[in-house]
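Notes follow the structure.
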Amino acid sequence: MRKYTLNIYKDLEEASRAAANEVVTVLQRAIFERDRATLALSGGSTPKRLYELLAGDPFRGKVDWPKVHFFWGDERPVPPDHPQSNYRMAKEALLGPLQIADDHIHRLKGEERDRNAAAEAYQNEIAAVLGVSAIGEPPVLDVTLLGLGEDGHTASLFPATPALLETQQWVVNNPVLKLDCDRLTMTPMLINRSANIFFLVSGSQKAKPLAAVLEGPVDTQRLPAQLIRPARGKLIWFVDKDAATGLSKQQKG
Ligand code: 6PG
(Lines give C-alpha, C1' and ligand atoms only; values in the text may rest on other atoms or scores of the structure.)
Protein backbone atom coordinates (compact mmCIF):
# COMPACT_ATOMS: atom_id res chain seq x y z
CA MET A 1 0.00 0.00 0.00
CA ARG A 2 1.50 3.31 -1.01
CA LYS A 3 1.75 5.85 1.90
CA TYR A 4 0.29 9.28 1.21
CA THR A 5 -2.26 11.78 2.50
CA LEU A 6 -5.07 12.80 0.17
CA ASN A 7 -6.84 16.09 0.89
CA ILE A 8 -9.82 17.04 -1.27
CA TYR A 9 -11.00 20.66 -1.50
CA LYS A 10 -13.96 22.51 -2.99
CA ASP A 11 -11.87 24.16 -5.72
CA LEU A 12 -8.36 25.17 -6.76
CA GLU A 13 -8.49 28.28 -4.58
CA GLU A 14 -9.12 26.21 -1.44
CA ALA A 15 -6.57 23.56 -2.43
CA SER A 16 -3.96 26.25 -3.13
CA ARG A 17 -4.64 27.95 0.20
CA ALA A 18 -4.26 24.65 2.06
CA ALA A 19 -1.05 23.89 0.20
CA ALA A 20 0.26 27.39 0.99
CA ASN A 21 -0.36 26.75 4.69
CA GLU A 22 1.56 23.49 4.53
CA VAL A 23 4.46 24.99 2.54
CA VAL A 24 4.76 27.87 5.02
CA THR A 25 4.75 25.48 7.98
CA VAL A 26 7.57 23.39 6.50
CA LEU A 27 9.65 26.43 5.50
CA GLN A 28 9.26 28.02 8.92
CA ARG A 29 10.41 24.81 10.64
CA ALA A 30 13.37 24.34 8.28
CA ILE A 31 14.53 27.92 8.86
CA PHE A 32 14.11 27.52 12.63
CA GLU A 33 16.17 24.32 12.60
CA ARG A 34 18.84 25.15 9.98
CA ASP A 35 18.49 28.85 9.24
CA ARG A 36 17.76 27.89 5.62
CA ALA A 37 15.01 26.21 3.61
CA THR A 38 14.90 24.68 0.14
CA LEU A 39 11.83 24.68 -2.09
CA ALA A 40 11.60 23.03 -5.54
CA LEU A 41 8.86 24.63 -7.63
CA SER A 42 6.66 22.84 -10.12
CA GLY A 43 5.73 24.25 -13.49
CA GLY A 44 2.64 24.32 -15.64
CA SER A 45 -0.41 26.41 -14.77
CA THR A 46 -1.89 24.81 -11.65
CA PRO A 47 0.59 26.18 -9.09
CA LYS A 48 0.27 29.83 -10.21
CA ARG A 49 -2.43 30.61 -7.64
CA LEU A 50 -0.40 28.91 -4.90
CA TYR A 51 2.57 31.11 -5.78
CA GLU A 52 0.42 34.24 -5.78
CA LEU A 53 -0.97 33.31 -2.34
CA LEU A 54 2.52 32.72 -0.93
CA ALA A 55 3.61 36.14 -2.18
CA GLY A 56 0.69 37.91 -0.52
CA ASP A 57 -0.84 38.32 2.94
CA PRO A 58 -1.05 36.45 5.22
CA PHE A 59 1.56 33.98 3.91
CA ARG A 60 4.14 36.56 2.85
CA GLY A 61 4.65 37.67 6.43
CA LYS A 62 5.01 34.16 7.85
CA VAL A 63 8.31 33.11 6.31
CA ASP A 64 11.79 34.65 6.44
CA TRP A 65 11.88 34.47 2.63
CA PRO A 66 15.50 35.65 2.19
CA LYS A 67 16.49 32.34 3.81
CA VAL A 68 14.68 30.22 1.22
CA HIS A 69 16.52 28.75 -1.77
CA PHE A 70 14.29 28.18 -4.82
CA PHE A 71 14.80 25.40 -7.36
CA TRP A 72 12.70 23.93 -10.21
CA GLY A 73 11.65 20.33 -10.67
CA ASP A 74 11.80 20.75 -14.43
CA GLU A 75 12.02 23.28 -17.23
CA ARG A 76 10.99 23.53 -20.82
CA PRO A 77 13.58 24.07 -23.62
CA VAL A 78 12.88 27.80 -23.73
CA PRO A 79 14.59 31.00 -22.54
CA PRO A 80 13.62 32.46 -19.15
CA ASP A 81 11.47 35.20 -20.70
CA HIS A 82 9.42 32.79 -22.83
CA PRO A 83 5.67 32.48 -22.08
CA GLN A 84 6.16 28.70 -21.66
CA SER A 85 8.99 29.10 -19.14
CA ASN A 86 8.33 27.64 -15.69
CA TYR A 87 10.88 30.08 -14.35
CA ARG A 88 9.04 33.07 -15.84
CA MET A 89 5.70 32.04 -14.30
CA ALA A 90 7.27 31.66 -10.84
CA LYS A 91 9.26 34.87 -11.21
CA GLU A 92 6.12 36.85 -12.01
CA ALA A 93 3.84 35.19 -9.42
CA LEU A 94 6.23 34.61 -6.52
CA LEU A 95 9.91 35.51 -6.75
CA GLY A 96 9.49 39.02 -8.08
CA PRO A 97 6.74 40.05 -5.63
CA LEU A 98 8.80 38.59 -2.74
CA GLN A 99 11.93 40.33 -4.08
CA ILE A 100 13.98 37.13 -3.78
CA ALA A 101 17.71 37.76 -4.31
CA ASP A 102 19.26 36.25 -7.44
CA ASP A 103 21.66 34.11 -5.41
CA HIS A 104 18.66 32.30 -3.90
CA ILE A 105 17.02 31.65 -7.27
CA HIS A 106 18.52 28.55 -8.86
CA ARG A 107 17.17 28.56 -12.38
CA LEU A 108 17.21 25.39 -14.46
CA LYS A 109 18.63 26.63 -17.74
CA GLY A 110 16.25 24.96 -20.18
CA GLU A 111 17.50 27.06 -23.06
CA GLU A 112 21.06 25.70 -23.00
CA ARG A 113 22.04 23.93 -26.20
CA ASP A 114 24.29 21.45 -24.42
CA ARG A 115 21.51 19.92 -22.38
CA ASN A 116 23.52 17.25 -20.63
CA ALA A 117 25.95 19.95 -19.49
CA ALA A 118 23.01 22.03 -18.24
CA ALA A 119 21.67 19.05 -16.27
CA GLU A 120 25.10 18.35 -14.77
CA ALA A 121 25.60 22.01 -13.90
CA TYR A 122 22.25 22.03 -12.10
CA GLN A 123 23.14 18.93 -10.13
CA ASN A 124 26.38 20.64 -9.10
CA GLU A 125 24.45 23.77 -8.12
CA ILE A 126 22.04 21.77 -5.97
CA ALA A 127 24.99 20.00 -4.32
CA ALA A 128 26.80 23.28 -3.67
CA VAL A 129 23.76 24.98 -2.12
CA LEU A 130 22.93 21.95 0.02
CA GLY A 131 26.60 21.50 0.96
CA VAL A 132 26.97 17.92 -0.27
CA SER A 133 29.04 16.10 -2.87
CA ALA A 134 27.49 16.10 -6.34
CA ILE A 135 28.31 12.43 -6.83
CA GLY A 136 26.96 11.02 -3.60
CA GLU A 137 23.48 10.36 -2.35
CA PRO A 138 21.02 13.11 -3.35
CA PRO A 139 20.39 15.77 -0.70
CA VAL A 140 17.08 16.28 1.06
CA LEU A 141 15.00 19.19 -0.24
CA ASP A 142 12.58 20.53 2.37
CA VAL A 143 9.65 20.81 -0.06
CA THR A 144 9.21 19.61 -3.63
CA LEU A 145 6.04 20.76 -5.38
CA LEU A 146 4.66 18.65 -8.22
CA GLY A 147 1.78 18.69 -10.67
CA LEU A 148 0.11 15.87 -12.58
CA GLY A 149 -0.25 15.78 -16.34
CA GLU A 150 -3.27 14.24 -18.10
CA ASP A 151 -0.96 11.42 -19.22
CA GLY A 152 0.17 10.70 -15.67
CA HIS A 153 3.50 12.54 -15.94
CA THR A 154 4.98 14.69 -13.22
CA ALA A 155 7.83 17.18 -13.47
CA SER A 156 9.14 16.20 -16.92
CA LEU A 157 8.99 12.50 -16.16
CA PHE A 158 6.82 11.54 -19.13
CA PRO A 159 5.58 8.02 -19.91
CA ALA A 160 8.15 5.67 -21.44
CA THR A 161 11.00 8.19 -21.35
CA PRO A 162 14.60 7.43 -20.28
CA ALA A 163 14.50 9.59 -17.15
CA LEU A 164 12.09 7.13 -15.53
CA LEU A 165 14.88 4.57 -15.29
CA GLU A 166 17.66 6.93 -14.17
CA THR A 167 19.42 5.67 -11.04
CA GLN A 168 22.60 7.78 -10.92
CA GLN A 169 21.84 11.39 -11.86
CA TRP A 170 19.67 13.75 -9.83
CA VAL A 171 18.92 15.92 -12.87
CA VAL A 172 18.84 14.78 -16.49
CA ASN A 173 17.98 15.89 -19.99
CA ASN A 174 14.95 13.82 -20.94
CA PRO A 175 13.97 13.38 -24.61
CA VAL A 176 10.16 13.50 -24.84
CA LEU A 177 9.26 12.17 -28.28
CA LYS A 178 5.56 12.97 -27.99
CA LEU A 179 6.40 16.64 -27.36
CA ASP A 180 9.17 16.49 -29.96
CA CYS A 181 11.51 18.18 -27.50
CA ASP A 182 13.97 17.58 -24.69
CA ARG A 183 13.09 18.59 -21.13
CA LEU A 184 15.42 19.08 -18.16
CA THR A 185 14.02 17.34 -15.09
CA MET A 186 14.79 16.23 -11.57
CA THR A 187 14.76 12.45 -11.42
CA PRO A 188 12.72 10.26 -9.04
CA MET A 189 15.87 9.53 -7.01
CA LEU A 190 16.24 13.21 -6.10
CA ILE A 191 12.54 13.99 -5.75
CA ASN A 192 11.95 10.96 -3.51
CA ARG A 193 14.60 12.14 -1.06
CA SER A 194 12.51 15.26 -0.32
CA ALA A 195 11.29 15.73 3.25
CA ASN A 196 7.93 16.86 1.87
CA ILE A 197 6.39 16.26 -1.57
CA PHE A 198 3.18 18.11 -2.31
CA PHE A 199 1.12 17.39 -5.44
CA LEU A 200 -1.39 20.08 -6.44
CA VAL A 201 -4.01 18.74 -8.88
CA SER A 202 -7.09 20.54 -10.16
CA GLY A 203 -9.81 20.08 -12.75
CA SER A 204 -11.98 17.31 -14.18
CA GLN A 205 -9.39 16.65 -16.90
CA LYS A 206 -7.12 15.26 -14.16
CA ALA A 207 -9.75 12.91 -12.68
CA LYS A 208 -8.80 9.96 -14.87
CA PRO A 209 -5.01 10.17 -14.42
CA LEU A 210 -5.36 10.87 -10.70
CA ALA A 211 -7.52 7.78 -10.15
CA ALA A 212 -5.15 5.68 -12.27
CA VAL A 213 -2.08 6.90 -10.36
CA LEU A 214 -3.58 6.48 -6.88
CA GLU A 215 -5.87 3.51 -7.33
CA GLY A 216 -4.91 1.74 -10.52
CA PRO A 217 -2.37 -1.02 -10.95
CA VAL A 218 1.26 0.06 -10.57
CA ASP A 219 2.63 0.74 -14.04
CA THR A 220 5.29 3.42 -13.67
CA GLN A 221 6.29 3.44 -17.34
CA ARG A 222 2.71 4.37 -18.24
CA LEU A 223 2.03 6.46 -15.08
CA PRO A 224 5.33 8.07 -14.02
CA ALA A 225 3.71 9.93 -11.08
CA GLN A 226 3.56 6.49 -9.42
CA LEU A 227 7.37 6.67 -9.17
CA ILE A 228 6.96 9.38 -6.53
CA ARG A 229 7.26 7.47 -3.27
CA PRO A 230 9.34 9.44 -0.73
CA ALA A 231 11.89 7.30 1.10
CA ARG A 232 11.27 8.90 4.48
CA GLY A 233 9.42 12.12 3.67
CA LYS A 234 5.77 13.11 3.65
CA LEU A 235 3.63 12.85 0.48
CA ILE A 236 0.47 14.94 0.41
CA TRP A 237 -1.95 15.28 -2.51
CA PHE A 238 -3.87 18.57 -2.56
CA VAL A 239 -6.69 18.00 -5.04
CA ASP A 240 -9.94 19.75 -5.82
CA LYS A 241 -13.32 18.02 -6.08
CA ASP A 242 -13.32 18.01 -9.86
CA ALA A 243 -10.02 16.16 -9.99
CA ALA A 244 -11.21 13.73 -7.30
CA THR A 245 -14.37 12.54 -9.11
CA GLY A 246 -12.67 9.37 -10.32
CA LEU A 247 -11.55 8.26 -6.87
CA SER A 248 -13.23 5.48 -4.95
CA LYS A 249 -15.61 6.27 -2.09
CA GLN A 250 -13.21 5.21 0.65
CA GLN A 251 -10.50 7.50 -0.74
CA LYS A 252 -12.90 10.39 -0.50
CA GLY A 253 -13.68 9.66 3.11
C1 6PG B 1 5.59 21.31 -16.63
C2 6PG B 1 5.32 20.74 -15.27
C3 6PG B 1 4.42 19.57 -15.39
C4 6PG B 1 3.07 20.03 -14.87
C5 6PG B 1 1.98 19.15 -15.39
C6 6PG B 1 0.61 19.75 -15.04
O7 6PG B 1 6.69 21.81 -16.87
O8 6PG B 1 4.64 21.27 -17.43
O9 6PG B 1 6.34 20.60 -14.47
O10 6PG B 1 4.82 18.42 -14.72
O11 6PG B 1 3.09 20.03 -13.45
O12 6PG B 1 2.12 19.07 -16.80
O13 6PG B 1 0.51 20.98 -15.73
P14 6PG B 1 -0.75 21.94 -15.49
O15 6PG B 1 -0.66 22.42 -14.07
O16 6PG B 1 -0.54 23.07 -16.48
O17 6PG B 1 -1.97 21.12 -15.75
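When a ligand or atom number is given, it counts from 1 through the structure's own listing order. Just so it is clear, the values below take in all heavy atoms, side chains as well, and ignore hydrogens, waters and symmetry mates.
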Legend entry - contact_flag E150 ligand 1 heavy-atom lt 4.0 Å: no
Inset, instruction - Please name the pair of heavy atoms, one in A118 and one in K109, separated by the smallest distance, quoted to 0.1 Å. - result: CB-O, 4.0 Å
Inset, instruction - Decide whether an N or O pair under 3.5 Å exists between D74 and ligand 1. - result: yes
Legend entry - Sub-4.0 Å heavy-atom approach of G73 to ligand 1: no
Legend entry - For T46, all residues meeting side-chain hydrogen bond (donor to acceptor under 3.5 Å, both in side chains), sequence neighbours excluded: none
Legend entry - Which segment of S42 sits under 4.0 Å of ligand 1 when only heavy atoms are counted: neither
Inset, instruction - Record the part of L146 in heavy-atom contact with ligand 1 below 4.0 Å; permitted values are side chain, backbone, both and neither. - result: neither
Inset, instruction - Quick one: look up the protein heavy atom nearest atom 8 (O) of ligand 1 and list residue, atom name and how far away it is. - result: R76 NH2, 2.7 Å
Inset, instruction - Check each heavy atom of R183 against ligand 1 and say whether those closer than 4.0 Å belong to the side chain, the backbone, both or neither. - result: side chain
Inset, instruction - Flag N86 as yes when one of its N or O atoms lies below 3.5 Å from any N or O atom of ligand 1, and as no otherwise. - result: yes
Inset, instruction - Scan side-chain atoms only and decide if R49 and S16 contain a donor-acceptor pair under the 3.5 Å cut-off. - result: no
Legend entry - For ligand 1, the portion of A155 having any non-hydrogen atom under 4.0 Å away: backbone
